[in-house]
Amino acid sequence: MSGIFGLAWRLLRGGGRRGMLGSALTVVAVAVSTSLLLFAVAANLAFQGRADREAWRNPVAATRDAVAIQAVHLDHVDDRPVTVVDVAALEPGAPAPPGLARFPAPGEVWLSPALADLAKRLPANRLADRFQGKGGGLIGDAALVHPDELVAVRGQAPGSPVMTAGLAVDGHDDIAPTKISGFTGTRTDNAIGYQILALIASVLMVVPLLVFGGAAARLTVARRDQRLAALRLVGATPGQVVAMTVAEAVITAFAGAVLGAALYLLMTPLLTRIEIGGGPWFVADTWPGVLPVLAVLVVVPLLVGLSAVVGLRRVVVSPLGVAKRETPPAMRFVRVVALLAVLAVVPTLGMGAGVGVVTVVLSLAFLAVNLVGPWVVGLLGRIVAASARRPAGLLAGRRMIDDPRAAWRTVSGVALTGFVAGFIGLLTPGAGLLGQADATNLRLAVPPAKAAALSEQARERLATAGVRATVTVKAGGGRGKVLVAALGTSDVAVTDRARTALDGLVPGRSATTAADDDRSGFRILDDVRTGTVTVLAVSFLVAIASAGITAASSILDRRQTYALLHLAGTPMKVLDAARRTETLLPLAVMGGGAIAIGMFCALPFALSTMNVSGLVTLLVCVGLGFAGVAAAGAASAPLLRSVTANPAPRPD
């Protein structure tokens, strides 16, 4: 085996400057795929980590041996949510909540770093006065979803009003005092929802990455096929050819994988700034771990090696066919049948479909689009060649007929990105919904028996705080009552002062506006928009890199053909026009088709969220896709002039 790797390494080094350039393109392609694959893996693990760090605030009632009481309610400041956790020990030595060095004593207050900083910067009557008590310290990262999260943990006595209060009439994020045996908790529905969305987004990113990584193994395939065919003709066995192919692919892919891992590490400071779920990320969230990184460094070269072997059938079976440059047989219509079979399943999906089913169907749709792409390119080649009236059209048509897979590789990245754009374009929620909610009236659920007395106390507190408000009591859910303080303004400073004035009026409850109550619901819509931009950015990065790398590799594969055509008198503008035609025509047909397929796959989930912003996203995607491929083609034009200037290139 060491001899095979040694021979493969010598063949790589002996390929000349252009041979090494082809290998370098493969390294870059694998590096891009690896870095973005690590990003997809890290994103899923990061959301899982967030869910685990948040779980302790969703207490599980103790069946026996309770050690503490825990209550949770949501407050707000500066239009940002503040999670307030009240805890009381039922016995000495109760375990400390996550992120705290010890269990808080009664009257002790622990603040997250962001909340402590905000309390110092804002006037005391807007925030700090709500958390009066003995300072316990800062809450550690182990208890926080993200670095900017506002969390307060207050120590209470078991018999304090906060620990004996009932569940609020409204306020779906509040949790009544619960006896617990530990701070393990369970994952919240929102956390699970984010994990599901992350998984679907990963499929939208990872499948094109795997396709791109597989295509990287076939870069400069013509040069390698000719070299291996020559080895077969001089006596190399099929097994030796396969082994050398795997060795060469693994060597280049491993170098690319290591480079990709290094690129990902360099990107992590930027990735932590992506705000989803209310804030940015801890640096530790972007590190997937040693084992996942090692797994990627092993799996990526193996997949590239496998992909390289798949393309060796002609070399192993018929090396003379490679040497004679025979046109391969046309691909079969069964590729289209596979796509139609997958699309037939899509209408059966819906909001009730399991995430596993949706993930599998999306993955199969992706792979089916990639499978049918070369067939469509071959069909286009026959149409173009039959209807050509100019030399450029004839050359482009013949090229697409001779090697539809290579022509497809050039545009596959953008076409698959079109699928992504079509799918999430319809699912992109519109903006501006939160601004429609009322932010001028503070509401506080109060016990019906104390409604009149509490309303009078509220008027006195607000007057003392210098806040003008009209206080009334209205019917709440069921038989409950809700105290309403009409502020007459949505000024955030006035609202915060009123919140502080009303804090503690009803133990364990905070005054909120309708906008506050809607904010947690609409935040996920904002996060979907952020996720849309992130997924599209990743997809376009792959698409543009794919177009540029495969375009350059295609020129290197056909450098002898280009050189001989130019030597025979074919003008450069004809060669360049043919190259543009064989790229832009499949891109227009398959790119548009992929967008339509993506929209079709999104229809079962988009019936209630279709909006103008999604269509705008779609149009931007189409424009960027065509611009990226055109730019990639223009960037490889100097390479085309270089290879045509050498009519007798050095043989590999």
Side-chain angles (χ1 to χ4, degrees), residues 73-84 114-115 118-132 148 150 152 162 165 167-174 278 430-526:
H73 74 274
L74 201 63
D75 201 352
H76 293 81
V77 63
D78 201 25
D79 285 339
R80 297 171 60 186
V82 182
T83 302
V84 182
L115 183 58
L118 191 62
K120 293 178 181 178
R121 291 191 287 108
L122 293 180
N125 60 3
R126 287 187 60 183
L127 177 59
D129 288 347
R130 305 184 208 177
F131 300 107
Q132 293 180 353
D148 291 347
L150 307 181
V162 174
L167 186 63
V169 177
D170 57 4
H172 56 274
D173 290 314
D174 292 352
L433 296 174
L434 184 59
Q436 302 173 7
D438 175 36
T440 62
N441 295 319
L442 278 173
R443 303 175 303 174
L444 178 64
V446 296
K450 300 181 179 180
L454 291 176
S455 63
E456 183 60 32
Q457 292 181 36
R459 294 186 187 95
E460 295 176 357
R461 289 189 177 199
L462 291 171
T464 302
V467 178
R468 295 182 179 179
T470 301
V471 180
T472 57
V473 177
K474 298 183 179 181
R479 299 180 180 179
K481 297 291 184 179
V482 176
L483 185 152
V484 179
L487 304 178
T489 178
S490 59
D491 182 83
V492 66
V494 175
T495 304
D496 285 344
R497 285 161 47 204
R499 295 183 203 274
T500 302
L502 298 176
D503 183 65
L505 185 65
V506 179
R509 304 179 191 176
S510 296
T512 61
T513 66
D516 294 334
D517 297 337
D518 289 345
R519 186 169 286 109
S520 60
F522 285 118
R523 186 179 66 186
I524 193 170
L525 300 182
D526 292 332

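All values below were derived from every heavy atom in this structure, side-chain atoms included, with hydrogens, water molecules and symmetry-related copies excluded.
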Please assess Val506 against Leu454 for the test side-chain contact (heavy atoms from CB on, under 4.5 Å), listing each intermediate value before the final yes or no.
CA-CA 8 Å; Val506 179; Leu454 291 176; 3.9 Å; yes

Determine which pairs satisfy side chain to side chain donor-acceptor pair (under 3.5 Å) with at least one residue from residues 458-472, sequence neighbours left out, and list them in order.
Glu456-Arg459

Does [X] have any side-chain contact (heavy atoms from CB on, under 4.5 Å) partners at least two apart in sequence or in another chain, and if so, which?
X: Val473; value: Ala451, Ser455, Lys481
X: Asn441; value: Asp438, Val484, Ala486
X: Ala458; value: Val471, Leu483, Leu502, Leu505

Which atom of [X] lies closest to which atom of [Y], heavy atoms considered:
X: Leu115; Y: Ala152; answer: CD2-CB, 3.8 Å
X: Ala128; Y: Ala119; answer: CB-O, 4.2 Å
X: Leu150; Y: Pro81; answer: CB-O, 3.6 Å
X: Arg509; Y: Val446; answer: NH1-N, 3.9 Å

Between CG of Leu74 and OG1 of Thr512, what distance do you get to the nearest 0.5 Å?
8.5 Å

When the side chains of residues 488-496 are checked against the rest of the protein, which donor-acceptor pairs come out under 3.5 Å, sequence neighbours left out?
residue: Thr489; atom: OG1; partner: Asp491; partner atom: N; Å: 3.1
residue: Asp491; atom: OD2; partner: Ala493; partner atom: N; Å: 3.1
residue: Asp491; atom: OD2; partner: Val494; partner atom: N; Å: 3.1
residue: Thr495; atom: OG1; partner: Asp491; partner atom: O; Å: 3.0
residue: Asp496; atom: OD1; partner: Asp78; partner atom: N; Å: 3.2
residue: Asp496; atom: OD2; partner: Asp78; partner atom: N; Å: 2.9
residue: Asp496; atom: OD2; partner: Arg126; partner atom: NE; Å: 3.2
residue: Asp496; atom: OD2; partner: Arg126; partner atom: NH2; Å: 2.6

Which residues pass the side chain to side chain donor-acceptor pair (under 3.5 Å) test with Asp148, sequence neighbours left out?
none

Suppose we screen for side chain to side chain donor-acceptor pair (under 3.5 Å). Which residues come up paired with Asn125, at least two apart in sequence or across chains?
none

Between Asp516 and Thr513, is there a donor-acceptor pair closer than 3.5 Å when you use the side chain of the first and the backbone of the second?
yes

With a 4.5 Å limit on heavy-atom distance, are the side chains of Val482 and Leu444 in contact?
no

Below 4.5 Å, heavy atoms only, C-beta onward: do Thr500 and Phe131 meet side chain to side chain?
no

Excluding sequence neighbours, so at least two apart, what forms salt bridge (Lys or Arg N to Asp or Glu O under 4.0 Å) with Asp129?
none

Charged N to carboxylate O under 4.0 angstrom, Arg130 versus Asp75?
yes

